[in-house]
Peer 1: 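Before anything else, here's the structure in question.
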Amino acid sequence: MGSRTYNIITFGCQMNEHDSETISGMLQQRGYTEVVRKEDADITVINTCSIRENADKRFFGTLGQLKKIKAVNPEQITCVCGCMMQQEHVVKEVRQSYPWVDVIFGTHNIHEFPDMLDELVSAREKDENRITRREGGMTASEYAIAKHDIRSSKKTRVEKIYEDKKEIVEGLPAKRKFRHKSFVNIMYGCNNFCTYCIVPYTRGREKSRHPEDILAEVRNLVNDGVREIMLLGQNVNSYSGISTLNGEKWDFTDLIYALDELEGLDRIRFMTSHPKDLSDRLIGAFAECKSLCKYIHLPVQAGSTHVLRRMNRKYTREDYLLLVRKLRKAVPEITISTDIIVGFPGETEEDFRETLSLAEEVRYDSAFTFLYSPRKGTPAAEYDNQIPENVKHERFGRLVEVMNRCSCEKNAAYVGRVVEVLVEGEGKRPGSLNGRTDGFKLVDFEGPSELTGEMVKVEITDSNTFSLKGRLI
Ligand code: 5AD
Ligand code: SF4
């Protein structure tokens with residue numbers, strides 16, 4: 001193809017990060033190498049996120065920067081993909097206002113990206129032949145202008161977006177960020193339609209991979225040195241995979257028990273689970289499975305049953321609190337994190353106080369807190385009792401204060417304890433390393449970089465809101 005370097009800019013969640021690893025893997029397989037700066041890349045890919053408005057804004061900002069790069073290097077291939085491309089109004093805007101984008105694909109046809117690149121290259125060659133035929137009467141600068149015009153024209157764009165996944169494509173390569181840990185997708189899409197959320201529209205309906213395909217992938221990863229896997233899905237608890245061997249249905253807990261048997265796999269994590277589908281059997285698995293980390297991310301979204309109903313979450317405040325009690329009864333040391341949305345339409349001061357009191361009652365280890373962001377096409381965006389921005393911000397500040405205090409206290413309780421840490425790599429300070437405990441606590445300590453990927457014991461000497469500090473034993 002002539003060009004040989006690429007750069008991927010990824011917005012959004014782990015699902016998107018993992019998709020970018022696949023895109024990377026496919027490009028590497030074709031002989032491309034990754035470069036750090038988008039200015040140096042022959043191919044730039046922006047993998048977009050739709051979850052909140054600021055993700056949209058950052059995408060259009062990045063596209064603006066790429067336009068400048070493209071003015072200097074019109075040969076650069078600009079590709080956009082990900083959740084935003086599954087929204088018709090976004091694609092329309094890209095076509096209208098950013099005509100120099102070369103390739104557009106969605107979340108359901110990542111595997112087609114290499115073919116789309118080939119298609120683009122041959123379309124460009126055809127264009128070039130057209131200019132070359134006219135070249136006789138052109139000066140060099142006229143030729144450059146003609147080429148630039150043609151590069152910016154609509155004709156050379158390749159675009160493929162499907163409304164939903166036809167089938168799960170297996171066997172795609174992925175370039176992992178870490179040697180010792182890896183994402184593993186177990187399912188795609190979401191059927192829940194929480195009223196604030198765009199994901200069911202951008203990721204389609206739930207589809208689970210066959211258990212044998214997942215187990216084979218994990219076995220390969222373990223053989224390649226991976227010790228920790230993060231199972232990914234919008235709602236992993238509703239995993240329902242059909243065995244290719246005997247047609248049996250596997251649920252998420254079946255999968256966990258099978259993965260727990262794998263020799264050499266030290267840690268299993270998963271993300272994200274929906275409280276409505278958190279079964280007693282899965283809670284039991286936390287106690288029984290040696291490799292399943294004693295950590296759960298369990299998004300609550302709001303503490304008021306009234307708001308939860310209008311969010312279409314299908315559980316009450318009491319249901320959620322009961323789950324937390326069950327989890328702590330089964331595994332007293334389990335760490336719990338959550339997602340909370342502040343300022344959902346119609347949220348009263350009373351409702352918000354219920355969120356605060358739930359947070360105080362659960363005492364989360366950590367939390368992701370979000371200002372409600374209306375998403376075009378979702379029911380809640382049409383609700384007429386939207387909360388003014390200043391009220392949202394005021395509540396957000398109060399919630400963050402409670403959450404941070406809790407995280408701080410939880411972390412302080414680790415001081416003096418010895419924990420097992422899987423070393424992730426070098427820390428920010430020279431000579432420092434960091435890694436995670438089984439409970440997903442970030443630990444910073446001094447040590448040689450050769451320990452990356454190893455399990456070590458660390459004595460915790462200090463703590464703050466978001467991490468622990470310790471001494472290698
Ligand atoms: N506004 C704010 N936060 C949102 N989330 C999802 N949709 C929205 C929205 N429209 C949050 C939820 C979810 C997390 C990934 O993002 O808390 O769990
Ligand atoms: Fe969005 Fe709800 Fe599905 Fe999570 S479960 S992806 S919040 S619709």
Side-chain angles (χ1 to χ4, degrees), residues 10-19 48-58 82-84 86-87 107 164-165 185-208 230 232-240 252 270-278 296-304 307-315 319-320 336-347 352 355 358-359 362 364 366-383 386-387 389 391-393 395-396 399-400 403:
T10 309
F11 296 105
C13 63
Q14 285 91 348
M15 196 70 79
N16 262 19
E17 269 182 52
H18 191 39
D19 285 347
T48 61
C49 167
S50 309
I51 200 89
R52 284 170 292 274
E53 199 191 352
N54 54 359
D56 289 17
K57 282 190 188 147
R58 285 167 65 206
C83 289
M84 285 178 79
Q86 295 296 140
Q87 295 173 280
T107 56
D164 206 341
K165 226 178 226 26
N185 243 314
I186 63 163
M187 61 180 304
Y188 301 87
C190 181
N191 291 351
N192 292 319
F193 291 92
C194 301
T195 54
Y196 51 81
C197 186
I198 194 74
V199 169
Y201 309 90
T202 60
R203 291 273 172 181
R205 294 296 69 70
E206 283 177 8
K207 283 184 186 62
S208 296
M230 168 77 89
L232 290 183
Q234 247 75 43
N235 176 12
V236 288
N237 310 150
S238 68
Y239 172 82
S240 172
F252 183 60
F270 57 83
M271 193 145 210
T272 290
S273 37
H274 194 304
K276 80 175 167 61
D277 298 312
L278 181 58
I296 187 166
H297 181 67
L298 195 61
V300 66
Q301 312 297 1
S304 138
V307 172
L308 287 170
R309 195 176 313 121
R310 295 178 57 256
M311 286 178 161
N312 193 29
R313 291 292 289 178
K314 304 186 180 90
Y315 54 85
D319 295 334
Y320 186 91
I336 307 179
S337 63
T338 200
D339 291 343
I340 297 185
I341 298 176
V342 171
F344 183 78
E347 180 191 72
F352 174 67
T355 297
L358 179 132
V362 175
Y364 289 103
S366 62
F368 299 91
T369 43
F370 307 106
L371 293 164
Y372 169 71
S373 169
R375 305 284 63 211
K376 199 176 161 137
T378 61
E382 305 302 320
Y383 292 175
Q386 302 287 326
I387 306 295
E389 286 303 309
V391 177
K392 279 191 208 169
H393 279 93
R395 289 179 187 168
F396 187 82
L399 180 63
V400 168
M403 290 306 189

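Start at 1 and go down the list; that is how both ligands and their atoms are numbered. Treat the numbers as computed from the prediction; the structure is a model and nothing was measured.
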Peer 1: Distance to 0.1 Å, residue and atom name: give those for the protein heavy atom nearest to atom 7 (S) of ligand 2.
Peer 2: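 Looking only at protein heavy atoms, the one closest to atom 7 (S) of ligand 2 is Tyr196 OH, 3.4 Å.
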Peer 1: For atom 8 (S) of ligand 2, find the nearest protein heavy atom and state the residue, atom name and distance (0.1 Å precision).
Peer 2: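 Sorting protein heavy atoms by distance from atom 8 (S) of ligand 2 puts Cys194 N, 3.4 Å first.
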Peer 1: Give a yes/no verdict on a cation-pi contact between Lys392 and Tyr372, requiring under 6.0 Å between NZ or CZ and the six-membered ring centre and an angle within 45° of the axis.
Peer 2: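 So Lys392 doesn't make the cation-pi contact.
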Peer 1: Determine, for Arg203 against Asp19, whether the closest basic-nitrogen to carboxylate-oxygen distance falls under 4.0 angstrom.
Peer 2: yes
Peer 1: Considering only heavy atoms, which of Thr369, Asp339, Thr378, Val199 lies nearest to atom 15 (C) of ligand 1?
Peer 2: Asp339
Peer 1: Which of the atoms of ligand 1 are close to Ile341, meaning less than 4.0 Å from one of its heavy atoms?
Peer 2: 3 (N), 4 (C), 5 (N), 12 (C), 17 (O)
Peer 1: Return yes if some donor-acceptor pair links the side-chain N/O of Tyr320 with the main-chain N/O of Lys276 below 3.5 Å, else return no.
Peer 2: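 No.
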Peer 1: Give the residue and atom name of whichever protein heavy atom lies nearest to atom 1 (Fe) of ligand 2, and the separation in Å to one decimal.
Peer 2: Cys197 SG, 2.3 Å
Peer 1: When only distance counts, is Gln301 in polar contact with ligand 1, meaning an N/O pair under 3.5 Å?
Peer 2: yes
Peer 1: Show which atoms of ligand 2 fall inside a sub-4.0 Å distance from at least one heavy-atom site of Pro200.
Peer 2: 8 (S)
Peer 1: Any idea which atoms of ligand 2 are less than 4.0 Å away from a heavy-atom of His274?
Peer 2: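 Those of ligand 2 that fall under 4.0 Å from His274 are 5 (S).
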Peer 1: Strictly under 4.0 Å, does any heavy atom of Arg313 approach an atom of ligand 2?
Peer 2: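 Yes, Arg313 has a heavy atom closer than 4.0 Å to ligand 2.
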Peer 1: Measure Asn235 to ligand 2 on non-hydrogen atoms and call it side chain, backbone, both or neither using the 4.0 Å cut-off.
Peer 2: neither
Peer 1: Specify the protein heavy atom at minimum distance from atom 16 (O) of ligand 1: its residue, its atom name, and the distance to 0.1 Å.
Peer 2: Arg52 NH1, 2.9 Å
Peer 1: Can you confirm whether the side chains of Gln87 and Thr202 place a donor and an acceptor under 3.5 Å from each other?
Peer 2: no
Peer 1: Got a donor-acceptor contact below 3.5 angstrom from the Ser273 side chain to the Asn237 backbone?
Peer 2: no
Peer 1: Using distance alone, with no hydrogens and no angle criterion, decide if His297 and Thr272 have a side-chain donor and acceptor under 3.5 Å apart.
Peer 2: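 Side-chain D/A pair, His297 to Thr272: absent.
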Peer 1: Using a 4.0 Å heavy-atom cut-off, which part of Tyr196 comes near ligand 1: side chain, backbone, both, or neither?
Peer 2: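 Both the backbone and the side chain of Tyr196 come within reach of ligand 1.
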Peer 1: For residues Gln234 and His274, determine if any side-chain heavy atom of one lies less than 4.5 Å from a side-chain heavy atom of the other.
Peer 2: no
Peer 1: Please check this pair: side chain of Gln386 against backbone of Ala380, looking for a donor-acceptor N/O pair closer than 3.5 Å.
Peer 2: yes
Peer 1: Could you list the atoms of ligand 1 found under 4.0 angstrom from a heavy atom of Arg375?
Peer 2: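 Those qualifying, in numeric order: 10 (N).
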Peer 1: Does Leu371 reach ligand 1, in the sense of a heavy atom lying below 4.0 Å from it?
Peer 2: yes
Peer 1: Sub-3.5 Å donor-acceptor pair from the side chain of Asp164 to the main-chain atoms of Arg205, do we have one?
Peer 2: yes
Peer 1: Charged N to carboxylate O under 4.0 angstrom, Lys314 versus Asp277?
Peer 2: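 Answer for the salt bridge query: no.
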Peer 1: Near Phe193, which atoms of ligand 2 are under 4.0 Å from a heavy atom of that residue?
Peer 2: 8 (S)
Peer 1: Using modelled atom types and a 3.5 Å cut-off, is there a donor and acceptor pairing between side-chain atoms of Lys207 and backbone atoms of Gly189?
Peer 2: no
Peer 1: Please check whether Ser373 reaches ligand 1 - meaning an N/O of the residue sits under 3.5 Å from an N/O of the ligand, judged on distance alone.
Peer 2: yes
Peer 1: Among all protein heavy atoms in this structure, tell me which lies nearest to atom 3 (Fe) of ligand 2, with the distance rounded to 0.1 Å.
Peer 2: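 For this ligand atom, the closest protein heavy atom is Cys190 SG, 2.2 Å.
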Peer 1: Given side chains that start at C-beta, do those of Tyr196 and Ile341 come closer than 4.5 Å, heavy atoms only?
Peer 2: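 Yes. Closest side-chain heavy atoms under 4.5 Å.
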Peer 1: Quick test: of every protein heavy atom, which one is nearest to atom 4 (Fe) of ligand 2, and how far off is it to 0.1 Å?
Peer 2: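 Residue, atom and distance for the closest contact: Gln234 O, 4.4 Å.
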Peer 1: Looking only at protein heavy atoms, which one is nearest to atom 5 (S) of ligand 2, and how far off is it?
Peer 2: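 Looking at atom 5 (S) of ligand 2, the protein heavy atom closest to it is Asn192 ND2, 3.3 Å.
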